[in-house]
Every structure is written in C-alpha cells, then in structure tokens.
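Heavy atoms only: backbone and side chains are in, while hydrogens, waters and symmetry mates are out. If you read the sequence from its start, that first residue is 1, and numbering goes on from there.
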Amino acid sequence: ILVGGGASADQLRDRSRTNGLGGRVTFLGRQPYDRIPALAAAMDVLLAPYAAQQRFYFSPLKLFEYMSSGRAVLAARLGQIAEVVQHRENGMLYDPSSSQDFLCKLGELARSPELRARLGANARRTIQQHYTWDHNARLVAEALEKAVATRQ
C-alpha cells in the first residue's frame, strides 16, 4: 500500500505496472490525517525512503508516527533519522545511495515476522520514553527554568 501523493506518485505507479507489480501494489493517494493510524496498523513494514543528500534536514514527525504505531520501520540512514532509529534495535536503516541495500533490508523484514515484531515493539517504546509531546514540553520547561535561574 502506498499512501500519499506528490511528483513521484505517478512514476511509482508506472514503474509498478511496468515491473508486473500492478496487482500487488495499491495506490491510495493522499489520505485524511485521521485515517493514517489505521492504515499504518494494517501494514507489516512502514517505509521512510529518502534520496541521498549532502545537506539533509528532516523534521521526523512522520517517522515518530510510524514508530509509535508499533510496526517495523525501514528508513534512510540520513541526518536526524539516524539519530532516532537505532539500526536493528528499533528499526532498520539502509544506505540511501544503494537501492540494493534498501531491497536487501526490506526482504529481510518481509521474511522475518519475529524481527518485525521486535523492532516494532522497541520503536513504540522509544517513542513513549523519549519523543512524546509531554516529554518535549518537559524539556522546554526545564530549559526555561535554567534560563530564568541563570538570569537571576
């Protein structure tokens, strides 16, 4: 299932047909935000594919949502993604300059329900322990308290 739109959606749809995958890939296009948790829960692996870039900055909200779903995540080893996803601990990372590495890691996840379950559970735990809105609010409050204390 591919959810979302954008410039590459049509290219992916064409490549899917060309490679004989038309019956195995469902393109849903853009979806309302409130449908995303149910769609994520229906998947075995959630993908965060990004092309290799020298200056990569990523606000990882989508990654956090994927990880909080308790599903295995396969993501590009780039910037902030690689700070959140610990390879083989709470997700899998692939070299974004290697489509072979992406396919190899995706195949490994496809063949191992145990690995997917372990990574998904660890991913959810990571989000609950370090990346909730409450956690971020506490960090901001602590920083403000330190700034006030320093100023006084």
Inset, instruction - First locate atom OH of Y50, then atom CD1 of I81, and finally report the distance between them rounded to the nearest 0.5 Å. - result: 5.5 Å

Inset, instruction - Compare all side-chain heavy atoms of V85 with those of M67 and state whether any distance is below 4.5 angstrom. - result: yes

Inset, instruction - State, with a plain yes or no, whether a side-chain heavy atom of E108 is found less than 4.5 Å away from one of M92. - result: yes

Inset, instruction - Mind checking the CG-CG spacing from L74 to L47? Nearest 0.5 Å is all I need. - result: 5.5 Å

Inset, instruction - Find out whether S16 and F27 are in side-chain contact, i.e. whether some heavy atom of one side chain is under 4.5 Å from a heavy atom of the other. - result: yes

Legend entry - Check: T132 and H135 side chains under 4.5 Å, non-hydrogen atoms: yes

Legend entry - Trace of the side chain to side chain contact (heavy atoms under 4.5 Å, CB included) decision for I36 with D34: CA-CA 6 Å; I36 300 304; D34 62 349; over 6 Å; no

Legend entry - pair K105-H87: side-chain heavy atoms closer than 4.5 Å: yes

Inset, instruction - Answer yes or no: is there a donor N or O on one side and an acceptor on the other, between the side chain of D95 and the main chain of S97, under 3.5 Å? - result: yes

Inset, instruction - Measure the spacing between CG of L28 and CZ of R35 and express it to the nearest 0.5 Å. - result: 6.5 Å

Legend entry - side chain to side chain donor-acceptor pair (under 3.5 Å) partners of R13, counting only residues at least two apart: D10

Inset, instruction - Measure from the side-chain N and O atoms of R71 to the backbone N and O of V45, and report whether any donor-acceptor pair falls under 3.5 Å. - result: no

Inset, instruction - Could you tell me whether the side chain of V3 reaches within less than 4.5 Å of the side chain of I1, counting heavy atoms only? - result: yes

Inset, instruction - Working to the nearest 0.5 Å, report the span between OG1 of T126 and CZ of R124. - result: 11.5 Å

Inset, instruction - Return each pair, listed once, that meets ring pair (Phe, Tyr, Trp, His ring centres under 6.0 Å) where at least one residue sits in residues 89-108; pairs must be two or more places apart or across chains. - result: Y94-F102

Inset, instruction - Taking all heavy atoms of P96 and all of A52, pick out the closest pair and write down the distance. - result: CB-N, 3.7 Å

Legend entry - Side chain proximity check, N122 to R125, heavy atoms < 4.5 angstrom: yes

Legend entry - Test side chain to side chain contact (heavy atoms under 4.5 Å, CB included) applied to L2 and V25, step by step: CA-CA 7 Å; L2 290 171; V25 180; 3.9 Å; yes

Legend entry - Residues in side chain to side chain donor-acceptor pair (under 3.5 Å) contact with D44, at least two apart in sequence or another chain: none

Legend entry - Under-4.0 Å salt bridge between D134 and R138: no

Legend entry - Gap separating the CG atom of L12 from the CZ atom of R17, nearest 0.5 angstrom: 11.0 Å

Inset, instruction - Assess whether side chain to side chain contact (heavy atoms under 4.5 Å, CB included) is satisfied between L109 and L119, documenting all intermediate values. - result: CA-CA 10 Å; L109 286 166; L119 294 176; 3.7 Å; yes

Inset, instruction - Evaluate the criterion side chain to side chain contact (heavy atoms under 4.5 Å, CB included) for residue pair L46 and L63; output intermediate values, then yes/no. - result: CA-CA 9 Å; L46 296 163; L63 181 65; over 6 Å; no

Inset, instruction - Mind listing the closest non-hydrogen atom pair of Y66 and V73 along with its distance? - result: CB-CG2, 3.8 Å

Inset, instruction - Quick one: pull up CD in E83 and CG in L78 and give me the separation to the nearest 0.5 Å. - result: 11.5 Å

